[in-house]
Amino acid sequence: QVQLVESGGGLVQPGGSLTLSCAASRRTISTYTMGWFRQAPGTEREFVAAISWSGGITYYADSVKGRFAISRDNAKNTVYLQMNSLKPEDTAVYYCGARERHTYSDRSDDYDYWGQGTQVTVSS
């Protein structure tokens, strides 16, 4: 079973940047599709970005396209989310998910393992 731990969240002003990390342990994630999701209070968990097992293909929600970048380092068993030009509406708990199948999905139900989440707050 894969264990995922997110880090890097915090308070940032609008227009600022943050980089989230998702470190995996117990098993390698090198063959997994990895995704980032977020959940604001009173809302459902929503897709943010995903990356193929090789890192060669990435997918983004329209709301973050051009501002966020997902990447992975399989040697370090870690996935990253670089967030730029942050907006107050990006405020949420951000979760890292691992999907055993190689096919892409933007549905949280299709991911097999989750981290505990890291809070991102964008406010002046």
State plainly whether one hydrophobic cluster holds both [X] and [Y], where clusters connect Ile, Leu, Val, Met, Phe, Trp and Tyr through side-chain heavy atoms under 4.5 angstrom apart.
{"X": "Val79", "Y": "Leu18", "answer": "yes"}
{"X": "Tyr60", "Y": "Met83", "answer": "yes"}
{"X": "Val122", "Y": "Trp36", "answer": "yes"}
{"X": "Tyr80", "Y": "Ile29", "answer": "no"}

Using every non-hydrogen atom in the two residues, find where [X] and [Y] come nearest and quote the distance to one decimal.
{"X": "Ser17", "Y": "Ser85", "answer": "OG-N, 4.4 Å"}
{"X": "Ser52", "Y": "Arg72", "answer": "O-NH1, 2.8 Å"}
{"X": "Ala50", "Y": "Tyr111", "answer": "CB-OH, 3.7 Å"}
{"X": "Phe37", "Y": "Ser108", "answer": "CE2-N, 3.6 Å"}

Partners of Phe68 by ring pair (Phe, Tyr, Trp, His ring centres under 6.0 Å), sequence neighbours excluded?
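Per chain and number, Phe68 pairs via ring pair (Phe, Tyr, Trp, His ring centres under 6.0 Å) with no residue.
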Tell me whether [X] contacts the main-chain N or O of [Y] through its side chain, where contact means a donor paired with an acceptor under 3.5 Å.
{"X": "Asn77", "Y": "Ala24", "answer": "yes"}
{"X": "Thr31", "Y": "Trp53", "answer": "no"}
{"X": "Thr78", "Y": "Lys76", "answer": "yes"}

Name the residue from Arg99, Glu100, Arg101 that meets the side-chain contact (heavy atoms from CB on, under 4.5 Å) definition with Tyr32.
Glu100
Please identify which of these residues, Ile70, Ile57, Leu81, Thr33, meets the side-chain contact (heavy atoms from CB on, under 4.5 Å) condition with Ile51.
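So, applying the side-chain contact (heavy atoms from CB on, under 4.5 Å) to Ile51 and each of Ile70, Ile57, Leu81, Thr33, only Ile70 qualifies.
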Tyr104 vs Tyr59 aromatic rings, parallel, tilted or perpendicular, using cut-offs 30° and 60°?
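It falls in the parallel class, under 30°.
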Let me check something: any side-chain donor-acceptor pairs from residues 1-12 under 3.5 Å, sequence neighbours excluded? List them with distances.
residue : atom : partner : partner atom : Å
Gln3    : OE1  : Arg26   : NE           : 3.4
Glu6    : OE1  : Gln116  : N            : 3.0
Glu6    : OE1  : Gly117  : N            : 2.9
Glu6    : OE2  : Cys96   : N            : 2.7
Glu6    : OE2  : Gly117  : N            : 3.4

With distance as the sole criterion, is a donor-acceptor pair present between the side chains of Ser63 and Arg67 under 3.5 Å?
no
Give a yes-or-no answer on whether the side chains of Gln82 and Thr19 include a donor-acceptor pair shorter than 3.5 Å.
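Yes.
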Heavy-atom side-chain proximity of Leu20 to Val120 below 4.5 angstrom:
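A side-chain contact exists here, since the closest heavy-atom pair is under 4.5 Å.
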Neighbour count above 12 (heavy atom, 6.0 Å) for Trp114 CH2
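Count over threshold, so yes.
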Can you give the donor-acceptor pairs under 3.5 Å from side chains of residues 38-45 to other protein atoms, not counting sequence neighbours?
residue : atom : partner : partner atom : Å
Arg38   : NE   : Glu46   : OE2          : 2.6
Arg38   : NH1  : Asp90   : OD1          : 2.9
Arg38   : NH1  : Tyr94   : OH           : 2.9
Arg38   : NH2  : Glu46   : OE2          : 3.2
Gln39   : NE2  : Thr43   : O            : 3.0
Thr43   : OG1  : Ala40   : N            : 3.1
Thr43   : OG1  : Ala40   : O            : 2.7

